Student: 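My questions all concern the structure below.
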Number of protein chains: 2
Amino acid sequence: MSLRIVIADDHRLLLEGLAQALGGLPDIEIVGTAEDGDQLVELVAETSPDVILVDIEMPRTTGIAALGRMEDGPPAIVVTMHADEEHKARAQAVGAVGFMSKAAPLPSLAAAIRAAAAGESLMGDDVESILDDHREPVLGEGAAALTAREKELLAMLASGVSSTEHLADQLFISQKTVKNHLASIYDKLGIADRAQAAVEAIRLGLHRSND
Amino acid sequence: MSLRIVIADDHRLLLEGLAQALGGLPDIEIVGTAEDGDQLVELVAETSPDVILVDIEMPRTTGIAALGRMEDGPPAIVVTMHADEEHKARAQAVGAVGFMSKAAPLPSLAAAIRAAAAGESLMGDDVESILDDHREPVLGEGAAALTAREKELLAMLASGVSSTEHLADQLFISQKTVKNHLASIYDKLGIADRAQAAVEAIRLGLHRSND
DNA sequence: TGGCAAATAGGTCGCTCGCCCCATAGCCAG
DNA sequence: CTGGCTATGGGGCGAGCGACCTATTTGCCA
């Protein structure tokens, strides 16, 4: 279902922060993290992720060296502080499909992951347009089938509005329509009640300012 | 209720990753982020946070310079790649109460935030013991009053087990006892049903392997 | 233009849920 | 050793909820 990712970086605050932030996205799952190149090679062999994120500077084996050892491994995105042409060329030489500065915004990294998983290369000139094509999270399975109104309802559930009456009032529709939408949501997500719907809503990222 | 934090770092991946990860903790709330020292000074003036996290290297105004401009601002923790004595001394000189490497693990940063909010200094030698005193998240208000069994029930709700029958089966108690515990939870958290309880459970961090 | 999906709304039925009453056993502090 | 708190259980009541069926209007797409 969701994209299986491993991240390697020796700065644990970045490593754990990214893991948390990316793992929170509905279509991304962190299957492991590494703090040096050796751990990364081992982890990739164990977990066969869909995409790997790797820092260049790491103790013992660098990210570049680790990628060099995994010639036909999963697509790799190099994430580094040193976003210059020289480092980019070195990343490209060892087969990285993406190259991203640590100064980039998080949604761009998420888009890069989706693009890499889809087999696109981010080494060309039109990186921005490729990223733009992958900005939206790919909601899997039944979630994709949710209508806008249903997502709106889920978002309200996720924010703690649970009674039919309050939902109806805040959406300016009758209580019956609320129940109809809920029934449709239960069906599409394969769940049975509002409590499970709230859990799913949060898991799918149907929070504030949804679409 | 929860600790109000601002973070300043020009590496947006770290900035947004940390914001996400720390904001996900039940007792920490991110009220703003800045990408340089000037933004930080402005943001602190606007939001009066409880603790600020600041990087040293930032464009225009560095973290050190920004701290120098906020002599009696909130307690600040300097978070940097350069975890050496020289930088630590400079941080201390401008009034930082904490100094942490970007290679530190996330729970230590969270502990440092709690310690800083409690007025402790992390510049001495016994940093580890002070951090250990603040490892546990401070669950506010009614959440603290929850019993172990009630938290267990909430954790199950958060994982999508919502019916009285399933809850009773998995906890090896009667359905009546499940209802009694739920009623107690509703009372303590000021909520009314399982959907709201699930939302609260997730917000309070009552996920896997709870206590 | 004809059909399909979505959003709106109504009704009925039966089960569950939340709320009130209660009781017993264990445990710890005063 | 008595009072308070927790965990466990029971009964009953009424309201809310989820399941199933039907219907109208709108808008889009073939």
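Reminder, nothing fancy here: chain letters follow the sequence lines and each chain counts from 1. Only a predicted model underlies this, so the values are computations on that prediction, with no experimental measurement involved.
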Student: Compute whether any side-chain donor of one residue and acceptor of the other, for Thr164(B) and Gln175(B), lie under 3.5 angstrom apart.
Tutor: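 The answer is no; no qualifying pair exists.
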Student: Kindly point out which of dC19(C), dA6(C), dA9(C) is positioned nearest to the side chain of Tyr186(B)?
Tutor: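 Of the candidates, dC19(C) comes closest.
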Student: Would you indicate what Ser184(B) reaches in the nucleic acid, counting non-hydrogen atoms under 4.0 angstrom: base, sugar-phosphate, or nothing?
Tutor: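 No contact.
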Student: What is the distance, to the nearest angstrom, from the CZ atom on Arg149(A) to the C1' atom on dA9(C)?
Tutor: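 In whole Å, dA9(C) C1' and Arg149(A) CZ are 13 Å from each other.
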Student: Roughly how many Å is it from NE2 in His166(B) to P in dC17(C), rounded to a whole number?
Tutor: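 About 11 Å, once rounded to whole Å.
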Student: Could you state the CG-C1' distance from Leu167(A) to dA7(C), rounded to the nearest angstrom?
Tutor: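 Rounded to the whole Å, the gap is 16 Å.
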Student: What does Asn180(B) touch in the nucleic acid at a heavy-atom separation under 4.0 angstrom: a base, only the sugar-phosphate, or nothing?
Tutor: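 Base: the residue Asn180(B), judged by heavy atoms under 4.0 Å, touches a nucleobase.
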Student: Roughly, in whole Å, what's the span from CD1 in Ile185(B) to P in dG18(C)?
Tutor: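 Roughly 11 Å, once rounded to whole Å.
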Student: Expressed in angstrom and rounded to an integer, what is the separation of Arg194(B) atom CZ from dC19(C) atom C1'?
Tutor: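 For the pair Arg194(B) CZ and dC19(C) C1', the rounded distance is 13 Å.
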Student: Under the 3.5 angstrom rule, does the side chain of Asn180(B) hit a backbone N or O of Ala183(B) as a donor-acceptor pair?
Tutor: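 Checking the backbone N and O of Ala183(B) against the side chain of Asn180(B), no donor-acceptor pair under 3.5 Å is found.
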Student: Starting at NZ of Lys179(B) and ending at C1' of dT16(C), how long is that distance when rounded to a whole Å?
Tutor: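 In whole Å, dT16(C) C1' and Lys179(B) NZ are 6 Å from each other.
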Student: Between Gln175(B) and Ala195(A), name the one whose nearest nucleotide on DNA chain D is closer to the 5' end.
Tutor: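 Between the two, 5'-proximity favours Gln175(B).
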Student: Should Thr177(A) be listed as having a side-chain N or O under 4.0 Å from OP1 or OP2 of dA7(C)?
Tutor: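 Indeed not, no polar side-chain atom of Thr177(A) lies that close.
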Student: Thinking salt bridges, do Arg114(A) and Asp27(A) make one under a 4.0 Å N-O criterion?
Tutor: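 Answer for the salt bridge query: yes.
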Student: Which two nucleotides bound the region of DNA chain D that has atoms under 4.0 Å from heavy atoms of chain B, read 5' to 3'?
Tutor: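 Both ends considered, the range comes out as dT6(D) to dG11(D).
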Student: Please determine whether a side-chain nitrogen or oxygen atom of His181(A) lies at a distance below 4.0 Å from atom OP1 or OP2 of dA9(C).
Tutor: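 False: His181(A) side-chain N/O out of range (4.0 Å or more) of dA9(C) OP1/OP2.
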